[in-house]
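Below is one structure, written out as C-alpha cells; the observations come after it.
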Amino acid sequence: MGPARPGDAEAAPRPGGTRSWLRDHSELGVCVLLFALGVLVLTDALTMSVDIAQRGPVGPRTVPFVIGGLFLLIAVLLAADVLRGGRGEAEGGEDVDLDAPADWRTVLLLTGVFLGAAVLIGPLGFPIAGALLFWGSAYALGSRHHGRDPLIAAGLSLFTYFVFDNLLGVPLPGGPLMGVL
C-alpha cells in the first residue's frame with residue numbers, strides 16, 4: 001500500500017468513532033423502521049379476531065402475515081447489505097435539482113386540500129369530498145383546466161365510491177347523495 005492520498009476516505013482515520021460509523025451506516029435506521037413495522041403488522045395479525053365462518057385457505061390474516069413477513073425479510077436483507085458495505089446511490093437516478101428551494105405553495109395547498117377532504121368526508125360524504133380532493137390536488141399540482149378538471153374529479157370520485165362501496169364491500173359515507181347513489 002502506498003501513502004494515503006487526500007481524497008482517499010478509507011485511508012484517513014475518522015474522528016468521532018461510533019457517531020461517524022452510524023452516519024456512514026444511516027440506512028440501518030430504515031432497517032430498524034422496517035423491522036418494527038413488520039413486528040407490528042405480524043402482532044396485529046396474530047391478535048386479529050377471526051370468525052369461524054371466515055376460515056379457509058385464505059382468510060383475513062393471510063395478507064397481514066405476508067406483508068409483515070416481507071417487511072421482516074426486507075429489513076434483514078437490507079441490513080446485511082448495508083453491513084457488507086452496500087450504499088444507496090445519492091439522488092443518482094432522479095431528475096431533481098437539490099439546490100432549488102422547496103415549493104412551499106404547492107406543499108401548503110396539498111396539505112390544505114387533504115385536511116379539507118378529511119374534515120368534509122363526514123358531512124358531505126365521499127363522492128363530494130373525494131371530488132374536491134381530486135380537483136384540489138390537480139389544481140395544487142399545476143393543472144389549470146377549469147372546465148375539464150372538476151368533471152374528471154367528479155367521475156373519478158364516483159368511480160372510486162362505487163368500486164369500494166359496491167364491488168369491494170367497503171362502506172364509504174355517501175353523505176347527502178346517499179339516497180341518489
Side-chain angles (χ1 to χ4, degrees), residues 26-27 29-45 48-51 54 56 58-75 77-78 87-181:
S26 60
E27 291 95 346
V30 175
C31 299
V32 170
L33 179 69
L34 287 172
F35 193 84
L37 195 57
V39 168
L40 177 70
V41 170
L42 288 175
T43 303
D44 196 37
M48 181 186 300
S49 62
V50 178
D51 188 14
Q54 294 179 350
V58 178
R61 290 183 174 176
T62 304
V63 172
F65 276 131
V66 170
I67 298 297
L70 286 174
F71 274 137
L72 294 177
L73 178 67
I74 290 170
L77 291 175
L78 180 60
R87 305 260 325 166
E89 186 177 329
E91 304 294 334
E94 296 184 22
D95 187 22
V96 175
D97 182 11
L98 296 176
D99 296 326
D103 185 7
W104 288 108
R105 179 182 180 273
T106 301
V107 171
L108 292 174
L109 280 173
L110 282 173
T111 302
V113 166
F114 284 122
L115 291 176
V119 168
L120 294 175
I121 197 167
L124 296 181
F126 183 83
I128 296 173
L132 292 173
L133 172 70
F134 294 137
W135 183 32
S137 298
Y139 181 82
L141 294 172
S143 180
R144 298 296 184 261
H145 298 280
H146 299 298
R148 180 185 70 188
D149 289 347
L151 295 175
I152 292 173
L156 187 59
S157 181
L158 286 172
F159 175 76
T160 305
Y161 177 77
F162 280 121
V163 166
F164 275 88
D165 199 56
N166 296 333
L167 298 178
L168 297 176
V170 177
L172 294 175
L177 298 177
M178 192 65 154
V180 178
L181 300 175

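FYI, side chains are in, hydrogens and waters are out, and symmetry mates aren't considered; it's all heavy atoms of this structure. All values derive from a computational prediction rather than experimental measurement.
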Task: Contact summary for His145 and Pro150, nearest pair of heavy atoms - done: O-CD, 4.0 Å

- [ ] State, with a plain yes or no, whether a side-chain heavy atom of Pro173 is found less than 4.5 Å away from one of Ile121.
- [x] yes

TODO: Drop me the distance from Phe126's CZ to Thr160's OG1, to the nearest 0.5 angstrom.
DONE: 5.0 Å

Task: Closest approach of Ala140 to Leu109 (non-hydrogen atoms, all atoms of both residues) - done: CB-CB, 3.6 Å

TODO: Would you indicate whether the side-chain heavy atoms of Val113 and Leu133 approach each other to under 4.5 Å?
DONE: yes

Task: Heavy-atom closest contact (Ala154 atom, Ala131 atom, distance) - done: CA-CB, 3.9 Å

TODO: Identify the heavy atoms of Ser143 and Asp149 that sit nearest to each other, and give their distance.
DONE: OG-OD2, 2.6 Å

Open item on the list: When you compare the side chain of Leu34 with that of Val30, does any pair of heavy atoms fall below 4.5 Å?
Closed with: yes

Task: Minimum-distance pair of heavy atoms, taken over all atoms of Pro127 and Gly174 - done: CD-O, 4.0 Å

- [ ] Report yes if some heavy atom in the side chain of Leu72 is under 4.5 Å from a heavy atom in the side chain of Leu42; otherwise report no.
- [x] yes

TODO: Could you label the plane-to-plane angle of the His146 and Tyr139 rings as parallel, tilted or perpendicular, counting under 30° as parallel and over 60° as perpendicular?
DONE: tilted

TODO: Decide yes or no for Leu110 and Leu141: does some side-chain heavy atom of the first lie under 4.5 Å from some side-chain heavy atom of the second?
DONE: yes

- [ ] Kindly give the heavy-atom pair with the smallest separation between Ala75 and Cys31, and that separation in Å.
- [x] CB-O, 3.5 Å

Task: CD1 on Ile67 to CG on Asp44, rounded to 0.5 Å - done: 13.0 Å

Open item on the list: Given 3.5 Å as the limit, does a donor-acceptor pair link the side chain of Thr111 with the main chain of Val107, or not?
Closed with: yes

Task: Non-neighbouring partners of Thr106 that pass side-chain hydrogen bond (donor to acceptor under 3.5 Å, both in side chains), sequence neighbours left out - done: Asp103

Task: From CG (Leu156) to CG (Leu151), nearest 0.5 Å - done: 12.5 Å

Task: Exceeds 12 heavy-atom contacts within 6.0 angstrom, atom CZ of Phe65 - done: yes

Task: Between CZ on residue Phe159 and CZ on residue Phe164, distance to nearest 0.5 Å - done: 10.0 Å

- [ ] Please round to the nearest 0.5 Å and tell me the distance separating atom CG of Leu37 and atom CZ of Phe71.
- [x] 4.0 Å

Task: CG-OG distance between Leu132 and Ser137, expressed to the nearest 0.5 angstrom - done: 10.5 Å

